[in-house]
Each structure stands twice: as structure tokens, then as C-alpha cells.
Amino acid sequence: MENVIEMLGITKRFGSFTAIDQVDFALRKGEIHALLGENGAGKSTLMSVLFGLYTPEEGEIRIQGKTARIRNPNDANAIGIGMVHQHFKLVHNFTVLESIVLGQETTRFKILQMKEAREKIVKLSEQYGLAVDPDAYISDITVGQQQRVEILKMLYRDNEMLIFDEPTAVLTPQEIDELMEIMRRLAAEGKSIIFITHKLKEIKAVSDRCSVLRKGKMIGTVETKDTEPETMSEMMVGRKVDMDIELKPMPQGETILKVSNFSVTREHQHKPAVSNVNFEVHAGEILCIAGIDGNGQSELVYGLTGLMPTMPGSKVELKGKDISKSPIRERCLSGMSHIPEDRHRYGLVLDYNLEQNLVLQTYFQAPFQKHGFIQFPEIRQYAERLIENYDIRSSAGATSSARGMSGGNQQKAIIARELDRGSDLVIAVQPVRGLDVGAIEYIHRRIVEQRDAGKAILLVSFELDEVMNLSDRILVMYEGEFVAELDPKQVDVRELGLYMAGQKRKPLA
């Protein structure tokens with residue numbers, strides 16, 4: 001089978017840091033080729049070289065057997081390469097239609113001609129099952145729909161070689177299944193796909209071959225159907241990975257978080273996103289809120305953490321203290337840590353460096369502040385300890401720009417900051433989103449350590465495996481209400497899915 005893309009001896013450096021080192025990679029026509037590796041292994045960097053976002057110091061790229069010079073994404077698009085980035089490249093105050101045609105606009109007498117573009121987009125969305133409203137604003141559609149827009153951008157440009165960078169990191173299980181089917185359909189039509197992911201189940205489900213990067217070097221390429229997930233994970237991290245975590249029995253501790261008559265109104269709408277919910281989280285337990293994305297989980301967390309206002313009558317108590325009207329900093333100082341679902345919007349200041357981000361909530365306290373002056377040596381020492389303990393990889397260590405770090409390492413930085421504060425309550429929303437299996441294993445064990453140390457953990461997850469493996473109790477959320485309280489030892493994934501879809505309800509005690 002012919003190669004449509006060949007990357008030979010690619011090397012990319014950032015200062016003294018070598019992100020990818022003499023890497024060879026080939027993509028065949030009509031195949032789905034998975035690219036697997038730890039956070040910071042160089043996967044996105046390699047694909048950014050192919051897409052023209054970075055210029056390599058060494059190496060050659062061949063397209064259809066001919067040497068290609070790709071200086072920018074326009075060059076990549078011109079030769080048929082499209083890319084869906086891990087963090088979508090969309091303009092939030094544009095409509096879906098405007099976002100798709102951006103850079104490929106048709107004009108007549110300097111006036112935009114959108115009729116033909118609309119017809120083509122509607123036809124493509126019907127052909128590939130990518131239902132989305134062309135007139136909806138990007139800011140008003142779900143993350144899954146935003147990804148459909150990114151895929152339609154590639155199809156609109158008639159790209160034949162498609163790069164999907166961590167495409168399932170923010171999707172629900174149902175949306176993941178839909179995406180897998182779309183990828184199979186595209187490959188069957190002769191399009192060639194590079195699929196960057198950490199999720200071994202998805203690689204086994206959809207890919208033909210898998211190439212593994214580790215610390216910037218190509219470890220090898222295997223036929224997916226002939227290779228066990230355990231083998232691929234060992235290639236990726238260089239050791240065997242054990243994802244089975246046993247929760248030791250814990251007596252029910254004191255109530256750390258008590259939520260009463262809690263309601264939150266969805267932005268720009270009068271209908272409540274969360275309707276009069278009541279629950280408690282105890283010391284020494286992991287309470288997981290499960291459900292399909294968009295059923296009020298985000299608004300629930302935003303209301304608890306102070307990021308969104310709650311409706312009158314809503315009450316939040318942390319260790320017996322009423323914090324319902326407390327500002328965000330006071331909630332943090334009262335013993336609340338928050339690992340947010342949107343690491344860019346709520347987790348990091350992207351234009352700050354890593355060490356500054358690691359002390360965002362403590363820089364005004366000793367030992368980082370003395371007589372009103374920042375103590376930079378103490379901040380550096382603290383940052384270097386967290387970087388080592390949580391294996392946060394970046395090009396310049398503590399002084400690395402947060403914006404320039406991989407998504408997984410950005411997530412590790414947030415988790416390190418929030419868990420190291422020793423809060424009584426940890427609210428963790430999709431805490432391992434975008435992490436590789438080695439990092440997932442490590443973070444899950446750290447969360448369980450917090451639970452075993454008597455901390456209360458409120459976990460919000462859309463990953464069924466994570467829900468079942470880490471929970472002491474499960475609350476299922478559907479359309480802003482809790483429809484069931486479940487014991488993970490007494491329910492299977494299939495039954496849990498029925499509650500998540502609203503097909504079953506179980507009165508709460």
C-alpha cells in the first residue's frame with residue numbers, strides 16, 4: 001500500500017530542549033494510523049511540523065513521494081492536509097458557517113457569497129452525520145458540536161490527509177462512538193487519518209497501525225490487530241502499568257461538604273441548569289457525579305466553587321461553615337481545592353510561567369510572601385519540588401510558559417497545585433482528561449491517597465471506567481437533577497448507562 005506521507009529524520013528543538021529526535025513516520029492511503037505516547041513525548045510537536053506550525057531543524061517531508069516544503073498551515077491545506085487541534089481553533093463570536101469558511105471565503109464585488117458555502121456545508125454534514133446548525137454561534141454549542149465544526153472545516157477544504165489531535169479528550173462516550181464511526185467512514189472513502197490519542201481502547205477499536213513515541217524518539221510501529229493493549233502501554237511508558245486500584249474500606253467520616261436546595265440558572269437562559277439538589281460528601285470518601293456531559297454538572301461545580309451565582313435559597317456548607325455567598329478566594333482558604341474541566345479558562349494563566357501558575361492561590365502567603373514582597377527563591381524551590389513529584393515535563397522547567405506546554409502537562413500542573421494545598425475538599429472535574437495511561441495511573445493513586453488521608457473528594461467524570469474504579473458512591477445527574485444514588489459494587493456499566501441516559505430512575509434516600 002502506498003505511503004501518502006513520509007516524515008524522515010525529523011528533529012525539532014526548542015532552545016536546548018529536543019522535542020523530537022530523528023523521527024521517521026509514514027502514513028498509508030486509506031488507513032487510520034494511531035500515534036501514541038506519554039504527555040510531552042512529542043506527538044503534537046511532530047504533527048505541528050507536518051501541519052506547518054513548526055519548522056524542523058532536520059529532516060524531510062514527502063507527500064505522495066515528492067519532497068514538500070510546508071512553511072505554514074496554508075501550505076499544508078494546499079497539499080491536502082487538515083488538522084483538528086486538541087484545543088479547537090474557533091472564533092467564539094462567529095457562527096458555525098463563518099467559522100468553517102474562515103480563510104476560504106468566496107466573494108463577489110468584495111461581498112461575501114455564503115449561499116454556496118452553506119449548501120456545501122449542509123451536504124457534508126448530512127453525508128458524514130455531522131449534524132450542526134450553520135447559524136448557531138460557536139459560544140452557544142457544546143464541545144462535541146465544536147469538534148464537528150472542526151471536522152467540517154477539513155472536509156470543506158477537501159483535505160485528503162486528516163490529523164486528529166486528542167479528538168476524544170472532551171467528548172462523552174456517545175460522542176466518542178459517533179466520532180469513531182465518522183473516522184471509519186472517512187477512511188473507507190480513501191482519506192488517510194493520523195489519530196493522536198492516549199486511549200488504548202480507542203486505538204484497538206479504530207486504528208490499523210500504531211506508532212509509539214517516547215521522550216521524543218520513535219519506539220516502533222505495530223499492527224493494531226496483532227498487538228495487545230498491555231504491550232502498547234509498556235512501549236509508551238517503558239514499564240508495565242497497573243490500572244487496577246483497590247479502595248480499602250473506610251468508615252464514614254464527618255460531613256465535609258453539605259449542599260442544600262441548590263439551584264443554578266444556565267447562562268443566557270431562565271431555565272435552571274441545576275434544580276434543587278441536595279447531597280453530602282464525607283471525609284474519607286470519593287463521591288462521583290456521573291452523567292452525560294451537558295446535564296448540569298458544569299453549572300453545579302461552578303456554583304459550588306463560586307464561578308457562577310446560585311439561585312436564592314441555595315446553601316453550601318464546608319465543614320459546617322456557610323460559604324454560599326463567599327468569594328472564590330475565601331472558599332479556597334476555607335479548604336476547597338478545584339481541578340476544573342476547562343484548564344485554559346479556569347485552571348491556568350497561560351501567559352504566566354509554570355512556577356507562577358503553581359502559586360496562583362498561595363503567592364500572598366508565607367513562605368512565598370514576606371512583608372508584602374514576593375519571595376522568588378522560595379517559589380522556585382516549591383515549583384521544582386512539584387515538577388519532580390508530579391513529573392511535569394516542559395522545555396524550560398519552572399520558567400516554561402504555560403501556553404507552550406502540552407495539554408497533559410498543563411493538567412498535571414493544575415493537579416499538583418490543587419492536591420498539594422492539603423484542602424479538606426477536592427472537587428475534581430475530569431482530572432485525567434488528556435493524560436496518558438502512566439499519568440492516569442499516577443493521578444488516580446494520588447486521588448485515592450487523598451481519600452485515604454481523610455479528605456473528601458467530589459469527582460465529576462464522563463469516563464465510565466473512572467467512575468466505576470474510583471467511586472465509593474455514585475450520584476447520577478440527568479437534566480439538572482440526581483436520578484439515582486448507586487453503589488459501584490452493585491451496579492454494572494450497562495445499568496449505569498441507562499440511568500445516565502434518563503431511561504431509569506431510582507428515588508434517592
Side-chain angles (χ1 to χ4, degrees), residues 39 44 84-94 96 99 136-150 165-172 175 264-269 273-274 289 291 293-310 327-329 331-332 336-363 392 394 400-419 421 426-435 443 458-463:
N39 302 118
S44 294
V84 174
H85 299 267
Q86 181 178 0
H87 302 293
F88 305 144
K89 309 294 184 182
L90 298 171
V91 183
H92 278 226
N93 58 344
F94 275 21
V96 167
S99 295
Y137 284 93
I138 297 298
S139 59
D140 293 336
I141 62 178
T142 68
V143 172
Q145 290 171 328
Q146 288 179 24
Q147 187 176 73
R148 293 178 189 177
V149 175
E150 287 280 21
D165 188 0
E166 299 286 356
T168 65
V170 294
L171 301 185
T172 66
E175 289 170 333
V264 182
T265 302
R266 186 174 276 115
E267 283 186 294
H268 312 305
Q269 297 183 21
V274 181
I289 296 178
D293 189 17
N295 278 276
Q297 301 96 319
S298 297
E299 290 83 359
L300 173 68
V301 171
Y302 294 161
L304 293 175
T305 56
L307 291 168
M308 281 182 71
T310 56
I328 295 172
R329 175 177 283 189
R331 297 183 195 219
C332 292
M336 177 186 289
S337 284
H338 177 208
I339 301 167
E341 62 178 325
D342 189 334
R343 52 180 166 250
H344 286 179
R345 187 175 182 184
Y346 295 121
L348 298 165
V349 180
L350 292 174
D351 292 324
Y352 283 10
N353 64 26
L354 177 54
E355 65 182 3
Q356 290 168 331
N357 274 285
L358 290 174
V359 295
L360 278 179
Q361 291 156 317
T362 51
Y363 68 90
I392 305 169
S394 57
S400 299
S401 165
R403 189 181 297 278
M405 293 166 59
S406 71
N409 281 293
Q410 291 174 346
Q411 187 77 353
K412 285 186 190 177
I414 296 167
I415 290 169
R417 181 186 69 212
E418 297 303 317
L419 295 189
R421 287 172 47 222
V426 178
I427 300 176
V429 188
Q430 294 284 82
V432 296
R433 178 169 67 87
L435 298 186
I443 297 304
L458 179 62
L459 173 67
V460 179
S461 178
F462 308 132
E463 300 283 351

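- Once rounded to the nearest 0.5 Å, the distance linking CZ of R148 with CD of E150 reads 14.0 Å.
- Under the 3.5 Å distance criterion, the side-chain polar atoms of R421 are left unmatched by any main-chain donor or acceptor of Q361.
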Stepwise side-chain contact (heavy atoms from CB on, under 4.5 Å) check, V264 with Y302: CA-CA 9 Å; V264 182; Y302 294 161; over 6 Å; no
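- Summarising the geometry, atom CG belonging to L348 is positioned 12.0 Å from atom CD belonging to Q356; distances are rounded to the nearest 0.5 Å.
- Under the rule for a ring pair (Phe, Tyr, Trp, His ring centres under 6.0 Å), the partners of H344 that lie at least two apart in sequence or sit in another chain are H87.
- Side-chain contact between H338 and V301 is present, with heavy atoms from C-beta onward closer than 4.5 Å.
- Of the possible polar contacts, one joining the Q147 side chain to the P167 backbone as a donor-acceptor pair under 3.5 Å is found.
- The side-chain contact (heavy atoms from CB on, under 4.5 Å) check on Y137 picks up T95, S139, D140, with sequence neighbours excluded.
- Once rounded to the nearest 0.5 Å, the distance linking CG of L350 with CE of M405 reads 10.5 Å.
- Across every non-hydrogen atom of E299 and A273, the tightest pair is CG-CB, 3.5 Å.
- Using modelled atom types, no side-chain atom of R331 and backbone atom of M336 make a donor-acceptor pair closer than 3.5 Å.
- Using a 4.5 Å cut-off on side-chain heavy atoms (C-beta onward), V460 and E341 make no contact.
- Taking CG from L354 and CG from N409, the interatomic distance works out to 9.0 Å, rounded to the nearest 0.5 Å.
- Between I414 atom CD1 and L358 atom CG the span is 10.0 Å, to the nearest 0.5 Å.
- The CG atom of L458 sits 10.5 Å away from the OG1 atom of T305 when rounded to the nearest 0.5 Å.
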